[in-house]
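Here the structure is a predicted model, which is why all the values come from computation and not from measurement. Values below: every heavy atom of this structure, side chains too, minus hydrogens, waters and symmetry copies.
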Amino acid sequence: MEILKFNPIFKPTLWGSETWVVSAVKGSESIVLNGADKGLSLPQVVERYGAALLGKRDTERFGTDFPLLIKFIDAQQDLSIQVHPNDELSARRHGKMGKNEMWYVVDADRGSQLIAGFRRRVELADYASKVADGTIEDDLCKAPVAQGDCFYIPAGRVHGIGAGMVIAEIQQTSDVTYRIYDYLRRDRDGNQRELHTELALEAINFDDITTDPKVSYTEERDQVVELVSSPYFVTNELKLDRTYVRNYGDTDSFHVYMCIDGACCFLSPQSQGVFLHAGESLVVPASMPEVTIIPDGTVKLLESYVG
């Protein structure tokens, strides 16, 4: 197999835009841009190569479903406050994976903030009335953000992305979201957006109280720096200014790379070269034991796989 580069899928929204850079979601499938598989969709590539792409353990776990959805989010306005169901609840209700995800702040205006969890206890009996009158905002943990900040958002955590930031988002492959609050905003016809108050009740983790939801890490040059390690994915940061050989050892998984800043070339052991620029993404198949990354100056990458 070869390194696979995919077309970005641009999705305008009411609050800004999303760019899906690696997606197997039905109706929004990524298309291969290079090599022998050019023109095939990501699900078709998974079907063709199976464990050679996903890895043996991931194939046993997910079959022919690609387990991650990779996005860039450009938030020009506040997104609605949401919660995602876990695997059990989502399977029972929707026949789909749950949605555990993480955010990496690519860029942020001064004063930007996001929401991650509660800052104090909210009783289940009071929740609906707090949503209705808008006082739920007072109970949420609002964190100021800057470039390079990282947040893990487990299923059940109430969350919201604020205006003025660009986010790299790594998540399980799922499009199930419950909107729980939208700042009492109204559309041109004076109607508020639909909320999923009842559906969200069983999904919300009311014990998720935090004052500092940021992931703690120290950025290093020419090193693999772990940001998030969960049962659903592992994500690392690589900031490189020299040629770097990335050996995958016994991870037995595909690896997705998002280019956050700069540019580089990925070389396979067969000397296949794939260029990657900021805002782009590629997938290294599980059957490839290592790659050589050649930065053009300095490049910052996020690397994600299923452990």
Side-chain angles (χ1 to χ4, degrees), residues 1-13 16-55 58-59 61-74 84 96-104 106 166-177 232-236 238 248 251 253-261 263-266 268 272-288 291 293 299 301-306:
M1 278 202 70
E2 299 174 309
I3 298 169
L4 302 174
K5 189 173 181 179
F6 294 95
N7 66 310
I9 304 169
F10 180 74
K11 293 177 174 284
T13 67
S17 64
E18 294 187 357
T19 303
W20 293 18
V21 290
V22 178
S23 168
V25 175
K26 188 174 182 180
S28 297
E29 297 93 342
S30 295
I31 305 299
V32 180
L33 295 176
N34 65 306
D37 298 307
K38 183 177 180 178
L40 293 183
S41 70
L42 178 53
Q44 288 173 325
V45 175
V46 175
E47 186 74 32
R48 172 176 287 188
Y49 293 105
L53 174 60
L54 295 184
D58 289 351
T59 300
R61 183 175 174 185
F62 303 109
T64 57
D65 293 329
F66 193 82
L68 297 183
L69 173 59
I70 311 294
K71 306 176 182 177
F72 287 99
I73 296 175
D74 184 356
H84 304 313
K96 299 181 179 181
M97 292 183 192
K99 191 191 287 190
N100 291 264
E101 65 186 22
M102 65 158 284
W103 299 330
Y104 181 96
V106 178
V166 177
I167 298 287
E169 181 175 271
I170 295 97
Q171 61 166 86
Q172 291 177 273
T173 295
S174 174
D175 57 359
V176 179
T177 293
Y232 312 99
F233 54 82
V234 176
T235 297
N236 302 316
L238 289 81
Y248 299 119
T251 54
S253 175
F254 64 92
H255 287 69
V256 179
Y257 289 89
M258 305 176 78
C259 187
I260 301 303
D261 189 36
C264 63
C265 179
F266 277 72
S268 71
Q272 174 209 14
V274 179
F275 288 92
L276 196 64
H277 299 85
E280 297 181 330
S281 191
L282 57 75
V283 176
V284 176
S287 58
M288 196 168 288
V291 294
I293 306 171
V299 66
L301 305 166
L302 295 185
E303 171 193 82
S304 298
Y305 62 95
V306 178

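Looking only at distances, a side-chain donor or acceptor of Thr59 sits under 3.5 Å from a matching main-chain atom of Gly55. Under the 3.5 Å distance criterion, the side-chain polar atoms of Thr173 are matched with a main-chain donor or acceptor of Phe66. With hydrogens and angles ignored, the 3.5 Å screen pairs a side-chain donor or acceptor of Ser253 with a backbone N or O of Val306. Although no hydrogens or angles enter the test, the distance criterion places a donor-acceptor pair under 3.5 Å between the side chain of Asn34 and the main chain of Lys5. When atom types are taken as modelled, the side chain of Glu169 and the backbone of Glu101 share no donor-acceptor pair closer than 3.5 angstrom.
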For side chain to side chain contact (heavy atoms under 4.5 Å, CB included), just list the numbers for Val32 and Phe6, CA-CA rounded to whole Å, side-chain angles, deciding distance to a tenth of an Å, and then say yes or no. CA-CA 5 Å; Val32 180; Phe6 294 95; 3.5 Å; yes

Determine, step by step, whether Leu53 and Val283 satisfy the side chain to side chain contact (heavy atoms under 4.5 Å, CB included) criterion, reporting the C-alpha distance in whole Å, the side-chain angles of both residues, the deciding distance to 0.1 Å, and the verdict. CA-CA 9 Å; Leu53 174 60; Val283 176; 4.1 Å; yes

Starting from the C-alpha separation in whole Å, work towards a yes-or-no answer on side chain to side chain contact (heavy atoms under 4.5 Å, CB included) for Ile170 and Met102. CA-CA 5 Å; Ile170 295 97; Met102 65 158 284; 3.9 Å; yes

Please step through side chain to side chain contact (heavy atoms under 4.5 Å, CB included) for the pair Gln44 and Asp37, ending with a clear verdict. CA-CA 9 Å; Gln44 288 173 325; Asp37 298 307; over 6 Å; no

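For the atom pair CZ (Phe266) and CD (Glu2), the distance works out to 15.5 Å, reported to the nearest 0.5 Å. In this structure, Asn7 CG and Glu280 CD are separated by 11.0 Å, a value rounded to the nearest 0.5 Å. Going from atom OG of Ser174 over to atom CG of Leu68 covers 12.0 Å, rounded to the nearest 0.5 Å. The CG atom of Asp58 sits 11.5 Å away from the CG atom of Asp65 when rounded to the nearest 0.5 Å. The CD1 atom of Ile3 sits 9.0 Å away from atom OH of Tyr257, with the distance rounded to the nearest 0.5 Å. The structure places CZ of Phe254 at 12.0 Å from CE of Met1, a figure rounded to the nearest 0.5 Å.
Of all non-hydrogen atoms in Ile260 and Ala168, the two that sit nearest each other are CD1-CB, 4.0 Å. Of all heavy-atom pairs between Ala286 and Ala51, the closest is CB-O, 4.0 Å. Here the shortest heavy-atom pairing between Val176 and His84 reads O-ND1, 3.4 Å. When all heavy atoms of Pro8 and Thr19 are compared, the closest pair comes out as CB-CG2, 3.6 Å. Taking both residues in full, the closest heavy atoms of Gly273 and Cys265 are given as CA-SG, 4.1 Å, listed atom of the first, atom of the second, then distance.
Residue Lys11 places its NZ atom among more than 12 non-hydrogen atoms of other residues, nucleotides or ligands, all under 6.0 Å distant. Enclosure of atom CD in Gln272 by more than 12 non-hydrogen atoms of other residues, nucleotides or ligands within 6.0 angstrom is indicated. More than 12 heavy atoms of other residues, nucleotides or ligands lie within 6.0 Å of OH in Tyr248, so this atom counts as buried by the packing criterion.
For the 3.5 Å distance criterion, the side chains of Ser30 and Ser23 fail to qualify, holding no donor opposite an acceptor.
For the pair Pro67 and Leu54, the minimum side-chain heavy-atom distance is below 4.5 Å. Side-chain atoms of Met258 and Phe72, non-hydrogen and from C-beta on, do get closer than 4.5 Å to each other. Residues Glu47 and Thr64 have side chains in contact (heavy-atom distance under 4.5 Å, counting atoms from C-beta outward).
Look at Lys96 and Asp175 and you find a salt bridge, because one of the NZ, NE, NH1 or NH2 atoms lies within 4.0 Å of a carboxylate O, short of that distance.
The side chain to side chain contact (heavy atoms under 4.5 Å, CB included) test with Leu301 is passed by exactly one of Ile293, Asn236, Leu282, Asp261: Ile293. Between Gln171 and the options Asn100, Leu69, Ile70, a side chain to side chain contact (heavy atoms under 4.5 Å, CB included) holds for only Leu69.
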